[in-house]
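Here the structure comes first, spelled out in structure tokens, and everything after it is commentary.
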Amino acid sequence: MGSSKSSLRHIPNAQELIQDTGFSAAHIQRLYERFDLLDRDQMGRLRVPDFEAISHLAMNPIGDRIIAAFFSPGKDTVDFPSFVRILAHFQPTDDNRTRDSSGKEPYNSPNRKLQFAFQLYDQDGDGKISRAELLQVLQEMLGMQVTDELLQSIAERAIQEADLDQDDAISFDEFKKCLEKVDIDQKMRIGFLS
Ligand SMILES: [Ca+2]
Ligand SMILES: [Ca+2]
């Protein structure tokens with residue numbers, strides 16, 4: 001596979017993406033090849049059905065939510081730079097790289113990873129995971145295997161454990177506290193990147 005610098009020339013925003021995301025030139029090159037294969041009409045943009053060809057996402061019970069996270073609000077296509085920025089959340093955290101080139105927290109910091117995961121639950125974007133939103137995710141993940149009563153009681157227990165200020169919803173801070181002991185790098189992997 002050619003991963004020399006010259007082969008990056010035809011890739012939109014390649015150098016900027018390398019700086020912003022921490023992906024190597026070889027990574028960007030490989031992601032571009034994948035993007036190009038998924039981009040069936042060769043317009044330089046992906047639509048929802050293009051993503052469904054990624055088996056890792058098609059098989060994921062919350063794959064639809066992950067796919068939706070690639071799209072900016074109101075948009076129905078994703079260009080290569082946006083595609084790479086979303087995938088950057090799934091890179092293992094790099095402890096030596098705590099700021100990106102513009103001084104922001106990198107996409108693969110534990111905090112940004114958690115923010116990404118949080119918005120998969122918080123579908124109305126009000127900054128809280130409501131009981132209904134939690135139940136919805138649990139239904140997607142476990143729906144076929146368990147009864148409604150069991151789902152309800154799992155949601156109930158999760159809210160009770162996480163909801164420190166007792167507003168009956170899980171804020172980002174509460175979500176973070178709850179997941180402190182979880183290895184987020186381990187949880188947030190995507191086969192596509194390996
Ligand atoms: Ca919400
Ligand atoms: Ca709360």
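Counting starts at 1 for both ligands and their atoms, in listed order. Along the sequence shown, the residues carry numbers beginning at 1.
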Would you sort out whether V137 and L135 count as a side-chain contact (heavy atoms from CB on, under 4.5 Å), showing the intermediate values? CA-CA 6 Å; V137 177; L135 199 55; over 6 Å; no

State, to the nearest 10 degrees, the angle whose vertex is the Ca ion (ligand 1) and whose arms point to OD1 of D124 and OD1 of D122. 80°

Would you call the rings of F90 and F116 parallel, tilted or perpendicular, taking 30° and 60° as the class edges? perpendicular

Angle between ring planes, Y32 versus F35, binned at 30° and 60°: parallel, tilted or perpendicular? parallel

Given the Ca ion (ligand 2) as the apex, I'd like the angle to OE2 of E174 and OD1 of D165, rounded to 10 degrees. 70°

To the nearest 10°, how many degrees is the angle D163 OD1 to the Ca ion (ligand 2) to D167 OD1? 90°

Is the F71 to F51 ring centre distance short of 6.0 Å? yes

Proximity of Y121 and F175 rings by center, below 6.0 Å: yes

What pairs with P61 under side chain to side chain contact (heavy atoms under 4.5 Å, CB included), at least two apart in sequence or on another chain? none

What is the name of the N/O/S atom in E133 that sits closest to the Ca ion (ligand 1)? OE1

Report the name of the N/O/S atom of D126 located nearest to the Ca ion (ligand 1). OD1

State whether K128 contributes an N/O/S atom found under 3.0 Å from the Ca ion (ligand 1). yes

Regarding A162, does it place an N, O or S atom less than 3.0 Å from the Ca ion (ligand 2)? no

